[in-house]
Amino acid sequence: MASRRTLARRLESVADFDDPSVDLEQYLTPPEVAAHVLHVASLQGDLTDRVIVDLGTGTGMLAIGASFAAPERVVGLDVDADALARARENAARVGVEVPIDWVRGDATRPPLSLSSTTVVSNPPFGAQRGQRGADRAFLEAASDLAAVSYTIHNEGSQEFVDSFTADHGGTVTHAFRATFDLERRFPFHEEASRELEAEVFRIEWA
């Protein structure tokens, strides 16, 4: 796989959503964050010759990045048809090394029958009213589908992720921080831009 810096540069051409959904908490995963997550996954041997599933793929950032690690197969799953259209456009723009299967479906109940997969996901943090616990549903899907997963969560999620993982027979093996530089996106955002601290967890599932 390319170096973390090279991968981040490649992913800089991934285009954002035209009309992001507040209900789905659609944010562009920063190229630097995606490259960091995928670099760690590559070092752990979790990408090459593996089936990679990006749950809630959105713009396709993680799925596209994973294609450069010589995986067996890459699947990008999202419930939003417009997001999948943008992901396809981004894959064509960036150029992928392994074709990506773009699948429409609920990432919390993935319509997939796969084994020994690696799940990568930047799920909704559940910050919006009515969306509390959204990231939990993604973790539940990962626990059913994956041998190993990498998921991004809001800062302060360590206790929750540790508890959930233990209850579902998994083990958190790595945890590291990531910073999102977010520009004003929705009308209720009061600042032109802000830094959002997040946490990434690598989990091995039984």
Side-chain angles (χ1 to χ4, degrees), residues 4 7 11 24-47 50-66 69 71 74-80 83 87 103 105-110 112 114-128 131-180 182 196-206:
R4 175 176 163 183
L7 180 59
L11 295 176
L24 296 176
E25 292 190 34
Q26 289 178 330
Y27 293 88
L28 179 74
T29 304
E32 297 81 6
V33 172
H36 188 184
V37 172
L38 295 169
H39 179 69
V40 173
S42 179
L43 291 176
Q44 295 301 311
D46 294 327
L47 300 180
R50 300 291 295 272
V51 176
I52 314 300
V53 178
D54 180 5
L55 293 178
T57 191
T59 62
M61 181 73 77
L62 289 168
I64 292 167
V74 182
V75 178
L77 176 68
D78 205 285
V79 72
D80 184 1
V103 178
D106 185 347
T108 66
R109 293 187 294 272
L112 303 170
L114 302 168
S115 60
S116 299
T117 66
T118 295
V119 162
V120 293
S121 182
N122 179 19
F125 289 170
Q128 302 306 317
Q131 297 296 317
R132 301 297 182 189
D135 55 346
R136 180 186 182 91
F138 276 72
L139 273 181
E140 289 175 347
S143 71
D144 291 336
L145 187 64
V148 61
S149 67
Y150 292 79
T151 50
I152 304 171
H153 301 262
N154 205 1
E155 185 180 34
S157 295
Q158 178 89 53
E159 183 177 353
F160 153 65
V161 173
D162 283 342
S163 176
F164 177 93
T165 302
D167 288 345
H168 288 74
T171 303
V172 175
T173 63
H174 296 67
F176 54 94
R177 291 183 174 274
T179 300
F180 283 57
L182 299 179
L196 176 66
E197 295 299 325
E199 296 172 342
V200 185
F201 299 93
R202 179 187 185 270
I203 302 170
E204 293 181 355
W205 301 100

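Positions are given from 1, in the same order as the sequence printed here.
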**Student:** With rounding to the nearest 0.5 angstrom, report the OH to OG1 distance, Tyr150 to Thr173.
**Tutor:**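 The OG1 atom of Thr173 is 6.5 Å from OH of Tyr150, to the nearest 0.5 Å.
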**Student:** So, using side chain to side chain contact (heavy atoms under 4.5 Å, CB included) as the criterion, who are the partners of Arg50 when residues are at least two apart?
**Tutor:**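 Partners of Arg50 by the side chain to side chain contact (heavy atoms under 4.5 Å, CB included) criterion, ordered by chain and then number, come out as Asp46, Ile52, Thr118, Ala147, Val148.
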**Student:** Please tell me if the side chains of Phe138 and Thr151 come closer than 4.5 Å, counting only heavy atoms from C-beta onward.
**Tutor:**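 No; the side chains remain at least 4.5 Å from each other.
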**Student:** Quick check: closest heavy atoms across Ser121 and Asp54, and the distance to 0.1 Å?
**Tutor:**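 So the two residues come closest at CA-OD1, 4.1 Å.
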**Student:** Under the 3.5 angstrom rule, does the side chain of His168 hit a backbone N or O of Phe164 as a donor-acceptor pair?
**Tutor:**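 Side chain of His168 to backbone of Phe164: a pair is present.
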**Student:** Less than 4.5 Å apart, side chain to side chain, heavy atoms only: is that true for Phe180 and Ile152?
**Tutor:**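 When only atoms from C-beta onward are counted, Ile152 and Phe180 do touch, with a gap below 4.5 Å.
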**Student:** Could I get the full list of ring-ring contact (aromatic ring centres under 6.0 Å, His included) partners for Phe160, not counting sequence neighbours?
**Tutor:**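 For Phe160 there are no ring-ring contact (aromatic ring centres under 6.0 Å, His included) partners, ignoring immediate neighbours.
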**Student:** Rounded to the nearest 0.5 Å, what separates atom CG in Leu139 from atom CG in Asp167?
**Tutor:**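 Output value for this atom pair is 11.5 Å.
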**Student:** Parallel, tilted or perpendicular, judged at 30° and 60°: which one describes the rings of His36 and Phe176?
**Tutor:**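 Aromatic pair His36/Phe176 classed tilted.
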**Student:** Counting only N and O atoms by type, is there a donor-acceptor contact under 3.5 Å from the side chain of Asp78 to the main-chain atoms of Gly58?
**Tutor:**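 Checked: pair present.
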**Student:** Just by distance, do the side chain of Thr117 and the backbone of Leu145 share a donor-acceptor pair under 3.5 Å?
**Tutor:**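 Yes; judged by distance alone, with no hydrogens or angles, the pair exists.
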**Student:** Which heavy atom of Leu7 sits nearest a heavy atom of Ala35, and at what distance?
**Tutor:**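 Looking at all heavy atoms of both residues, the closest pair is CD2-CA, 3.9 Å.
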**Student:** In chain order, what residues pass the side-chain hydrogen bond (donor to acceptor under 3.5 Å, both in side chains) check against Glu204, with sequence neighbours excluded?
**Tutor:**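 Here the qualifying residues are Arg202.
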**Student:** Output the distance between atom CG (Asp162) and atom CD1 (Ile203), rounded to the nearest 0.5 Å.
**Tutor:**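 Here the interatomic distance stands at 8.5 Å.
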**Student:** Rounded to the nearest 0.5 Å, how far apart are CG of Asp80 and OG1 of Thr57?
**Tutor:**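 Separation between the atoms: 11.5 Å.
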**Student:** Identify the two heavy atoms, one from Ala107 and one from Leu77, that lie closest to each other, and give their separation to 0.1 Å.
**Tutor:**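 Closest pair (atom of Ala107, atom of Leu77, distance): CA-CD2, 3.8 Å.
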**Student:** Distance check, rounded to the nearest 0.5 Å: Trp205 atom CH2 versus Thr165 atom OG1?
**Tutor:**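 Answer for the CH2-OG1 pair, Trp205 versus Thr165, is 4.5 Å.
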**Student:** Give me the atom names and distance for the closest heavy-atom approach of Ala137 to Thr108.
**Tutor:**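 Answer, listing the atom of Ala137 first, then Thr108: CB-CG2, 3.5 Å.
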**Student:** Do His153 and Val161 make a side-chain contact, defined as non-hydrogen atoms from C-beta onward lying under 4.5 Å apart?
**Tutor:**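 Yes. Closest side-chain heavy atoms under 4.5 Å.
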**Student:** Can you find a heavy atom in the side chain of Met61 that is under 4.5 Å from one in the side chain of Asn122?
**Tutor:**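 Result no, sub-4.5 Å side-chain heavy-atom pair not found.
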**Student:** Please name the pair of heavy atoms, one in Gly169 and one in Ala206, separated by the smallest distance, quoted to 0.1 Å.
**Tutor:**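 Where Gly169 meets Ala206 most closely, the heavy atoms are O-CB, 3.1 Å.
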**Student:** Spell out, as yes or no, whether a donor-acceptor pair under 3.5 Å connects the side chain of Glu155 to the backbone of Glu199.
**Tutor:**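 Not a single qualifying donor-acceptor pair exists.
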**Student:** What closest approach, in Å, do Ala34 and Leu11 show between heavy atoms, and which atom pair accounts for it?
**Tutor:**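 Scanning both residues, the minimum pair turns out to be CB-CD1, 4.0 Å.
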**Student:** Counting distance only, does the side-chain N/O of Ser143 pair as donor-acceptor with the main-chain N or O of Glu140 below 3.5 Å?
**Tutor:**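 At least one qualifying donor-acceptor pair exists.
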